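Since the structure is predicted, the reported quantities are computational estimates derived from the model, not experimental observations. In the text below, chain A, chain B and the rest are named by the order of the sequence lines, each starting its count at 1.
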Number of protein chains: 2
Amino acid sequence: MALTFRKRKLFDSAGIVGSVDDDLIPSVFARDCASRELLGTVTGKWGWLALAALHEGSYRFNALRRRVDGVSEKMLAQTLQALERDGLVRREVQATIPPRVEYSLTDFGARTAAKLVDLIELLEAEVPTAAAARAAYDRSR
Amino acid sequence: MALTFRKRKLFDSAGIVGSVDDDLIPSVFARDCASRELLGTVTGKWGWLALAALHEGSYRFNALRRRVDGVSEKMLAQTLQALERDGLVRREVQATIPPRVEYSLTDFGARTAAKLVDLIELLEAEVPTAAAARAAYDRSR
DNA sequence: CGGCATCCCTATTGATACTG
DNA sequence: CAGTATCAATAGGGATGCCG
């Protein structure tokens with residue numbers, strides 16, 4: 001449940017933590033680690049949107065671009081490349097004229113997208129909660 | 001399950017989609033919508049890390065700063081403010097000298113962080129998968 | 001249609017210094 | 001300790017143009 005991948009004591013009241021076994025198991029909390037980079041690809045500005053869209057089914061490039069409102073051609077291409085590189089997205093080219101490029105999720109991508117959609121649905125449902133909190137916060141300033 | 005908040009047909013083979021009822025229900029796929037902004041706060045560069053850390057328990061400012069390796073003082077303060085503003089994080093000041101500021105998750109924040117941790121744990125476990133995919137991708141270039 | 005390369009600008013970020 | 005303010009660097013991202 002908790003992300004206690006490191007063996008050091010996490011909650012030192014003086015704020016001083018030990019340094020034993022810190023690198024035995026990867027942790028997102030360490031800078032420049034693989035898991036943090038992977039999370040970055042997934043949660044980046046357009047990454048999670050592309051994954052959520054592809055969770056609905058496969059898309060061709062421009063259809064996906066229309067689905068993910070506001071993304072530029074450049075950023076979508078860049079995002080999809082990163083996702084493909086990390087094994088989340090599959091890219092299939094049909095040698096027709098004009099060319100057809102189909103994007104879909106790999107198994108890994110599908111499992112990731114499922115978790116992501118789970119998160120998104122929670123947040124979509126809680127938009128009013130957040131809006132109320134924000135209004136209260138802004139009022140007290 | 002799927003994020004089919006809009007009523008239009010999503011999968012038009014010609015790539016042409018209708019435009020009926022597009023704005024009836026909020027959707028992350030629309031630009032400048034509240035849900036997308038909220039997602040941005042949560043999945044932003046430091047947002048998800050702060051939430052994951054606070055999911056372990058409450059932290060004081062500098063302890064959290066040490067936990068989230070690599071974050072600058074400025075960005076952590078900024079991130080926490082955004083999370084507090086949207087009702088995910090609670091900030092409690094103890095009027096001692098020196099001052100003590102404790103950060104913890106609200107109920108909403110805790111439920112969000114739980115989903116997030118779920119995603120993080122999947123990705124941490126799949127780091128080897130991603131690494132292999134990446135190696136294969138880079139080799140084919 | 002589905003890209004990649006280039007230019008260019010501004011928003012984010014990080015260092016540094018200062019404050020209650 | 002827990003911030004805020006200021007400034008400089010830089011990476012993100014849009015616009016444009018070209019190509020298979």
Should V93(A) and L80(A) be regarded as members of a common hydrophobic cluster, given that ILVMFWY residues are connected when their side-chain heavy atoms come within less than 4.5 Å of each other, either directly or indirectly? yes
Yes or no on salt bridge (charged side-chain N to carboxylate O under 4.0 Å, His left out) for R111(A) and D107(A), after CA distance, side-chain angles and deciding distance? CA-CA 6 Å; R111(A) 283 181 290 122; D107(A) 177 67; 3.2 Å; yes
Could you check whether any side-chain heavy atom of V89(A) comes within less than 4.5 Å of a side-chain heavy atom of T106(A), counting everything from C-beta outward? no
Looking only at heavy atoms, the pair that brings V68(A) and A53(A) closest together is CG2-CB, 4.2 Å
Without decimals, in angstroms, what is the distance between R65(B) CZ and dG14(C) P? 10 Å
Bend angle of the helix from dC1(C)-dG20(D) to dG20(C)-dC1(D) from five-pair axes at both ends, rounded to 10°? 50°
Restricting to non-hydrogen atoms, name the atom on R65(B) and the atom on V71(B) that form the minimum distance, rounded to 0.1 Å. NH1-O, 2.6 Å
If Ile, Leu, Val, Met, Phe, Trp and Tyr residues are connected whenever their side-chain heavy atoms lie under 4.5 Å apart, and connections chain through other members, are L122(A) and I120(A) in the same group? no
Show, in sequence, the C-alpha distance, side-chain angles and deciding distance for L88(B) and F108(B), and conclude whether the side chain to side chain contact (heavy atoms under 4.5 Å, CB included) test is met. CA-CA 6 Å; L88(B) 294 145; F108(B) 171 33; 3.8 Å; yes
Using a 4.0 Å heavy-atom cut-off to protein, can you give one letter per nucleotide of nucleotides 2-16 of chain D, 5' to 3': B if the base is in contact, S if only the sugar-phosphate is, - if neither? SBB-B------BBB-
Do any side-chain atoms of residues 40-48 of chain B form donor-acceptor pairs under 3.5 angstrom with protein atoms, and if so which ones, sequence neighbours left out?
unit_1 : atom_1 : unit_2 : atom_2 : d
T41(B) : OG1    : E37(B) : O      : 3.1
T41(B) : OG1    : D86(B) : OD2    : 3.4
T43(B) : OG1    : L39(B) : O      : 2.9

Rounded to whole Å, CG of L76(A) lies from P of dC4(C) at a distance of 11 Å
